[in-house]
Amino acid sequence: SVDWVGGDIAPSHSGLILNITAIGFAHQEEIITRKGAQKTDILCITGDLGGAYAGLTILEREKRIFKEAPSVQPQLDGFEYILQKQLRPKARTDFHTILKEWGITPSSMIDVSDSLASEIHQICKSNNVGARVYEERLPMEQIVIDTILDLNLEPTTIALNGGEDYELLFSVPLDQYDNIKNNPHLTIIGHLTDAEDGIILETKNGNDH
C-alpha cells in the first residue's frame with residue numbers, strides 16, 4: 001500500500017520531465033533487503049534478461065533510419081515482446097505471493113535495474129561474499145537472443161550488462177533447495193561463495209572470468 005505519493009514537474013529543452021517519489025509501508029517480517037545472505041546461498045532470478053536492452057536498441061535503430069529517410073516507416077513487427085520490456089516494464093509485485101505459495105524465504109533481494117552484473121556486485125558487497133555465476137543458466141528468451149545476434153552483439157554481455165529488466169535477483173538458503181529446484185517462476189543462476197573468491201562467471205565451455 002502507498003501512504004504518500006509526491007513529485008514535481010519541470011519543463012526542459014527536450015520535453016517534459018516527471019520526477020515521482022512513492023513511499024509505502026510493509027510488515028517488518030516481510031521486508032527483504034540486500035543484506036542477510038550467506039556464502040553458501042543459492043543465487044536466483046525471476047523472469048528473463050536482456051529484453052529491455054534489445055527493445056531499446058531496436059527503437060534507436062528505427063529512429064536513426066526514420067531521421068535519415070522520413071518516408072520509411074519503422075519496422076517493428078515481430079519485436080512486440082522486447083518493445084514491451086523496454087516501454088512498459090512491469091514490477092514483479094506478483095512474486096511476493098509466489099514466494100509464500102512455494103515456501104521460499106529469500107535471505108537477500110534486489111531488483112535488476114542497472115544491470116545483473118551490478119546487482120550481483122551489490123549483493124556481494126552488502127554481505128561480504130563472492131559469487132559464482134553460470135553463463136549457461138542466464139535466462140534469455142529466443143527472440144531476445146536472435147535480436148541481439150542480428151545486431152552483432154553478444155547475448156551474454158547483454159544479459160549481464162543490459163539493465164532495466166526489473167526482474168528480481170535474490171539469494172536463498174541451501175536448505176530451501178527443494179522449494180526452488182525446477183521452479184517455473186525462477187532460475188538458479190549460481191551460488192554465493194567466500195568473499196576472497198570474488199565474482200566469477202563460469203562460461204559454457206568451463207572457463208572462469
Side-chain angles (χ1 to χ4, degrees), residues 22 24-53 85 89-141 144 155-204 206-209:
F25 64 90
H27 297 293
Q28 183 65 37
E29 64 274 11
E30 295 180 345
I31 296 175
I32 306 170
T33 67
R34 300 178 185 183
K35 296 184 178 181
Q38 302 294 321
K39 64 181 180 180
T40 57
D41 288 357
I42 304 167
L43 202 56
C44 307
I45 193 166
T46 62
D48 57 275
L49 299 165
Y53 184 90
K85 293 281 284 186
K90 294 182 179 179
R92 293 304 306 264
T93 55
D94 61 318
F95 202 60
H96 179 264
T97 301
I98 293 172
L99 291 174
K100 284 190 173 182
E101 290 177 348
W102 287 78
I104 302 170
T105 305
S107 53
S108 67
M109 181 180 287
I110 189 172
D111 70 317
V112 181
S113 52
D114 295 336
S115 69
L116 176 62
S118 174
E119 314 310 352
I120 291 174
H121 175 77
Q122 291 295 332
I123 290 289
C124 290
K125 181 180 179 181
S126 297
N127 296 283
N128 192 31
V129 296
R132 176 172 287 270
V133 178
Y134 300 97
E135 180 186 23
E136 64 180 2
R137 298 290 299 168
L138 299 177
M140 301 185 76
E141 290 292 319
V144 177
T156 298
T157 299
I158 303 307
L160 290 171
N161 301 294
E164 296 187 342
D165 288 307
Y166 296 103
E167 295 295 344
L168 298 173
L169 172 72
F170 58 101
S171 57
V172 178
L174 190 58
D175 60 11
Q176 294 184 38
Y177 176 71
D178 287 342
N179 296 341
I180 61 174
K181 67 177 182 181
N182 302 320
N183 191 309
H185 303 289
L186 58 89
T187 301
I188 298 173
I189 62 171
H191 60 89
L192 301 180
T193 62
D194 289 314
E196 293 76 15
D197 295 338
I199 300 173
I200 297 172
L201 175 68
E202 182 174 313
T203 65
K204 295 176 182 178
N207 294 328
D208 290 349
H209 290 280

Legend entry - Distance, nearest 0.5 Å, that separates NE2 of H121 from OG of S126: 8.5 Å
Legend entry - pair L174-Q38: side-chain heavy atoms closer than 4.5 Å: no
Legend entry - For the student: nearest non-hydrogen atoms of L49 and I45, plus distance: CD2-CD1, 3.5 Å
Inset, instruction - Compare all side-chain heavy atoms of Y177 with those of I188 and state whether any distance is below 4.5 angstrom. - result: yes
Inset, instruction - Supply the atom-to-atom distance L138 CG to L201 CG, rounded to the nearest 0.5 angstrom. - result: 6.5 Å
Inset, instruction - Determine, for E202 against R137, whether the closest basic-nitrogen to carboxylate-oxygen distance falls under 4.0 angstrom. - result: no
Inset, instruction - Could you tell me whether the side chain of T193 and the main chain of A131 form a donor-acceptor pair under 3.5 Å? - result: yes
Inset, instruction - Decide, yes or no, whether a salt bridge links E30 with K100 under the criterion of side-chain N to carboxylate O below 4.0 Å. - result: yes
Inset, instruction - Taking T187 for its side chain and I189 for its backbone only, find out whether a donor-acceptor pair lies under 3.5 Å. - result: no
Legend entry - Approximate separation, where rounding is to 0.5 Å, of D41 CG and L192 CG: 5.5 Å
Inset, instruction - Side-chain contact test, heavy atoms from C-beta onward, threshold under 4.5 Å: evaluate it for I32 versus L99 and give yes or no. - result: yes
Inset, instruction - Working to the nearest 0.5 Å, report the span between CD of E167 and OG1 of T46. - result: 3.5 Å
Legend entry - Heavy atoms from other residues, nucleotides or ligands near CD of Q28 exceed 12 (cutoff 6.0 Å): no
Legend entry - Reported CD1-to-CG distance for the pair I158 and L116, which is rounded to 0.5 angstrom: 12.5 Å
Legend entry - Check against side chain to side chain contact (heavy atoms under 4.5 Å, CB included), N179 and V172: CA-CA 10 Å; N179 296 341; V172 178; over 6 Å; no
Inset, instruction - State plainly whether the residues D111 and R92 are in salt-bridge range, i.e. N to O under 4.0 Å. - result: no
Legend entry - Value rounded to 0.5 Å, distance of CG in D165 from CE in M140: 8.5 Å
Inset, instruction - Report yes if some heavy atom in the side chain of L160 is under 4.5 Å from a heavy atom in the side chain of S115; otherwise report no. - result: no
Legend entry - Where S171 and S108 come nearest, the two heavy atoms and their spacing: OG-OG, 2.6 Å
Inset, instruction - Assess whether atom CZ of F170 is packed by more than 12 heavy atoms of other residues, nucleotides or ligands within 6.0 Å. - result: yes
Legend entry - Main-chain N/O of R34 paired with N127 side-chain donor or acceptor, under 3.5 Å: yes
Legend entry - Plane angle bin for W102 and H185 - parallel if under 30°, tilted between 30 and 60°, otherwise perpendicular: perpendicular
Inset, instruction - Measure the shortest side-chain to side-chain distance between Q176 and T105 over non-hydrogen atoms and say whether it is less than 4.5 angstrom. - result: yes
Inset, instruction - Grab the two heavy atoms, one from G163 and one from A52, that are nearest each other, plus how far apart they are. - result: O-CB, 3.8 Å
Inset, instruction - Quick one: closest heavy-atom pair of G51 and V144, and the distance? - result: CA-CG2, 3.8 Å
Inset, instruction - Output yes when a side-chain donor or acceptor of E119 lies under 3.5 Å from a complementary backbone atom of S113, and no otherwise. - result: yes
